[in-house]
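Scroll down for the structure; my scribbles are underneath it.
Letters A, B, ... mirror the listed sequences (proteins, then strands); counts begin at 1.
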Number of protein chains: 2
Amino acid sequence: MTNADAISAAIGALADPTRRQIVNLLRAGPMSVGELAAGLPVSRPAVSQHLAVMTAAGLLSAAPQGNRRIYALDPSGIDGLRTYLDTLWDDALAGFAAAARAQERTER
Amino acid sequence: MTNADAISAAIGALADPTRRQIVNLLRAGPMSVGELAAGLPVSRPAVSQHLAVMTAAGLLSAAPQGNRRIYALDPSGIDGLRTYLDTLWDDALAGFAAAARAQERTER
DNA sequence: GCTTACCGTAAGTCATGACTTACGCAAAAG
DNA sequence: CTTTTGCGTAAGTCATGACTTACGGTAAGC
């Protein structure tokens, strides 16, 4: 499944602390690169590189607007991670229940 | 909020490809360290180190059983990431809707 | 008792990637 | 047309962490 690659890219994109800060800033709404860089402890080119990674991962969308570029969270990309964690959570619960049954069997 | 640290640790733990392979193996059910290492392209100590990281992040739980250690997915740790992505998804949708309204305003 | 599985830890190597400064290009401003 | 603003890209540096081999320690098997 080529879907797994998208999940890997998205999780890898969220792995960096600076990138999660960018996500946090964008939760308030779309922003330009300069505005993002002003709220971060790194240089503007560093922000540009992070934005490129996250956009490639499908987590962000870029909208050129005149001289500037407005970045925003991409709901569809985030939804991929959401469903992945949902199914993972289901499997975890199933394994937990199976272990509980096995435990009960050995205890009597 | 100290909750953000848990989220960071969990996402960071899932960032490595080998660790996601471990998660995939554990989806079928709890396994010992040796069984996990047999299904992975890395050495057994490497697997041990990964398991320690993921356990510290709250994604895995370890159960000593005789001579061996059985690792399993921890539903509660996964649930933390799940709720984080849920709220992030909500914010992304809100920003998307706001951008759509602004777009409509400028287009008429 | 001794040997054999099974596992965690220590120490060291090496690649990945996050950051910087320097540069080039397109759109607004004057 | 010139200047300024806003970004992206290139090149190079440096730290983080994923991996290896070697070792020590505990539970089972003989």
Discussion item. For the CG atom of Leu60(B) and the OH atom of Tyr71(B), what is their distance to the nearest 0.5 Å?
Written reply: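 The distance works out to 8.0 Å.
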Protein-nucleotide distance ([X], atom [atom1]; [N], atom [atom2]), rounded to Å:
X	N	atom1	atom2	answer
Asp16(B)	dA15(C)	CG	P	17 Å
Ile70(A)	dT5(D)	CD1	P	18 Å
Leu40(A)	dA18(C)	CG	P	14 Å
Met54(A)	dG8(D)	CE	P	14 Å
Gln65(A)	dG8(D)	CD	P	14 Å
Leu51(B)	dT9(C)	CG	C1'	14 Å
Arg19(A)	dT16(C)	CZ	C1'	12 Å
Ile11(A)	dG17(C)	CD1	C1'	18 Å

Taking all non-hydrogen atoms of both residues, which atom of [X] and which atom of [Y] are closest, and how far apart?
X	Y	result
Leu26(B)	Met31(B)	CD2-N, 3.8 Å
His50(B)	Ile22(B)	CB-CD1, 3.7 Å
Ile7(A)	Gly80(A)	CD1-O, 3.5 Å
Ala62(A)	Pro64(A)	O-CD, 3.8 Å

Discussion item. Leu81(B) vs Leu14(B), test: side-chain contact (heavy atoms from CB on, under 4.5 Å). Steps then yes/no.
Written reply: CA-CA 11 Å; Leu81(B) 274 186; Leu14(B) 283 180; 3.7 Å; yes
Worksheet entry | Neighbours of DNA chain D within residues 42-50 of chain B, by heavy-atom distance under 4.0 Å |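 Result for residues 42-50 of chain B: Val42(B), Ser43(B), Pro45(B), Ala46(B), Gln49(B), His50(B), sorted by number.
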Practice prompt. Apply the test side-chain contact (heavy atoms from CB on, under 4.5 Å) to residues Val53(B) and Leu59(B): give CA-CA distance (whole Å), side-chain angles for both, the deciding distance (0.1 Å), then the verdict.
Written response: CA-CA 9 Å; Val53(B) 171; Leu59(B) 294 176; over 6 Å; no
Does [X] put a side-chain nitrogen or oxygen below 4.0 Å from OP1 or OP2 of [N]?
X	N	answer
Ser32(A)	dG6(D)	no
Arg69(B)	dA27(D)	no
Tyr71(B)	dG8(C)	yes

Item to complete: Look at the side chain of Asn67(B) against the base of dA5(C) and say whether a donor-acceptor pair falls under 3.5 Å; ignore hydrogens and angles.
Response: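 It does, because a donor-acceptor pair links the side chain of Asn67(B) to the base of dA5(C) below 3.5 Å.
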